[in-house]
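Only heavy atoms go into these numbers, but all of them, side chains included; no hydrogens, no water, no symmetry mates. Ligands are counted one by one from 1 in listed order, and the atoms in each one are counted from 1 as well.
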Amino acid sequence: MNDCLFCRIVAGELPSTPVLGTDTTYAFRDVNPGAPIHVLVVPREHIADAAAVTPDHGNVLAEMFQTAQQVASAEGLSERGYRLVFNVGPDSGNSVPHLHLHVMGGRVMAWPPG
Ligand code: DGP
């Protein structure tokens, strides 16, 4: 996907601030953080969004959650907790059509979110 923003970040064609990565996933800091810690976990392969996930993506999804756990640990969030978010579609505010898991923490999160 040459025109996909996050595919280009994964490929290193566009800059990002890395947190960690695996063969399957990449975690980098959100350019517009909504919390003191705000990291995006993406699959290296292009998946449009959570509505496009199928059972064939099971291993990729599991690795995304494992990466999120590692991000939380590395960022000191594991004890107090954090929020994991997938936005889907316009009402959610989804703006980048490449699956991404928001890992947000470092402050108390309001619920329900705005
Ligand atoms: P969403 O609303 O769920 O589609 O979230 C997309 C997030 O991606 C949003 O919080 C801002 C972030 N973002 C958009 N463009 C870039 C970029 O070029 N670099 C980085 N690091 N983050 C970006």
Side-chain angles (χ1 to χ4, degrees):
M1 290 285 289
N2 292 341
D3 58 348
C4 169
L5 177 66
F6 286 174
C7 283
R8 295 188 68 195
I9 284 177
V10 165
E13 295 172 11
L14 294 173
S16 63
T17 304
V19 177
L20 56 90
T22 71
D23 286 348
T24 309
T25 66
Y26 179 53
F28 57 102
R29 297 199 188 279
D30 194 296
V31 77
N32 186 23
I37 306 293
H38 190 168
V39 174
L40 303 173
V41 177
V42 302
R44 292 187 184 274
E45 74 173 272
H46 184 83
I47 302 170
D49 63 17
V53 167
T54 71
D56 287 345
H57 295 123
N59 288 342
V60 177
L61 264 288
E63 193 140 344
M64 286 179 70
F65 279 97
Q66 282 192 298
T67 299
Q69 293 159 9
Q70 291 164 5
V71 167
S73 177
E75 297 290 316
L77 300 178
S78 299
E79 189 175 333
R80 288 191 52 85
Y82 49 94
R83 180 162 290 164
L84 300 179
V85 174
F86 287 104
N87 287 322
V88 183
D91 274 4
S92 73
N94 182 215
S95 60
V96 180
H98 180 124
L99 183 66
H100 49 281
L101 177 56
H102 295 260
V103 182
M104 304 174 73
R107 64 167 167 78
V108 174
M109 299 281 163
W111 189 261

**Item:** Side chain to side chain, Val85 and Leu101, heavy atoms closer than 4.5 Å
**Value:** no

**Request:** Could you tell me which non-hydrogen atom of Val53 sits nearest to which non-hydrogen atom of His57, and how far apart they are?
**Result:** CA-ND1, 3.5 Å

**Message:** Quick check on side chain to side chain contact (heavy atoms under 4.5 Å, CB included): which of Asn94, Asp49, Val41 does His100 satisfy it with?
**Reply:** Asn94

**Asked** Is there side-chain contact between His98 and Leu5, with at least one heavy-atom pair below 4.5 Å?
**Response** no

**Request:** Just jot down the ring-ring contact (aromatic ring centres under 6.0 Å, His included) partners of His38, sequence neighbours excluded, or say none.
**Result:** His102

**Item:** Test: Arg44 and Glu63 ion pair at under 4.0 Å
**Value:** no

What are the polar N/O contacts of ligand 1 with the protein below 3.5 Å, with distances?
{"from": "ligand 1", "atom 1": "2 (O)", "to": "Gly93", "atom 2": "O", "distance (Å)": "3.0"}
{"from": "ligand 1", "atom 1": "3 (O)", "to": "Asn87", "atom 2": "ND2", "distance (Å)": "2.9"}
{"from": "ligand 1", "atom 1": "3 (O)", "to": "His100", "atom 2": "NE2", "distance (Å)": "2.8"}
{"from": "ligand 1", "atom 1": "3 (O)", "to": "His102", "atom 2": "NE2", "distance (Å)": "2.8"}
{"from": "ligand 1", "atom 1": "4 (O)", "to": "Asn94", "atom 2": "ND2", "distance (Å)": "2.8"}
{"from": "ligand 1", "atom 1": "4 (O)", "to": "Ser95", "atom 2": "N", "distance (Å)": "2.7"}
{"from": "ligand 1", "atom 1": "4 (O)", "to": "Ser95", "atom 2": "OG", "distance (Å)": "3.3"}
{"from": "ligand 1", "atom 1": "4 (O)", "to": "Val96", "atom 2": "N", "distance (Å)": "3.2"}
{"from": "ligand 1", "atom 1": "4 (O)", "to": "His100", "atom 2": "NE2", "distance (Å)": "2.9"}
{"from": "ligand 1", "atom 1": "5 (O)", "to": "His100", "atom 2": "NE2", "distance (Å)": "3.1"}
{"from": "ligand 1", "atom 1": "5 (O)", "to": "His102", "atom 2": "NE2", "distance (Å)": "3.3"}
{"from": "ligand 1", "atom 1": "10 (O)", "to": "Asp30", "atom 2": "OD1", "distance (Å)": "3.2"}
{"from": "ligand 1", "atom 1": "10 (O)", "to": "Asp30", "atom 2": "OD2", "distance (Å)": "2.5"}
{"from": "ligand 1", "atom 1": "21 (N)", "to": "Arg29", "atom 2": "O", "distance (Å)": "2.9"}
{"from": "ligand 1", "atom 1": "21 (N)", "to": "Val31", "atom 2": "N", "distance (Å)": "3.4"}
{"from": "ligand 1", "atom 1": "22 (N)", "to": "Val31", "atom 2": "N", "distance (Å)": "3.2"}

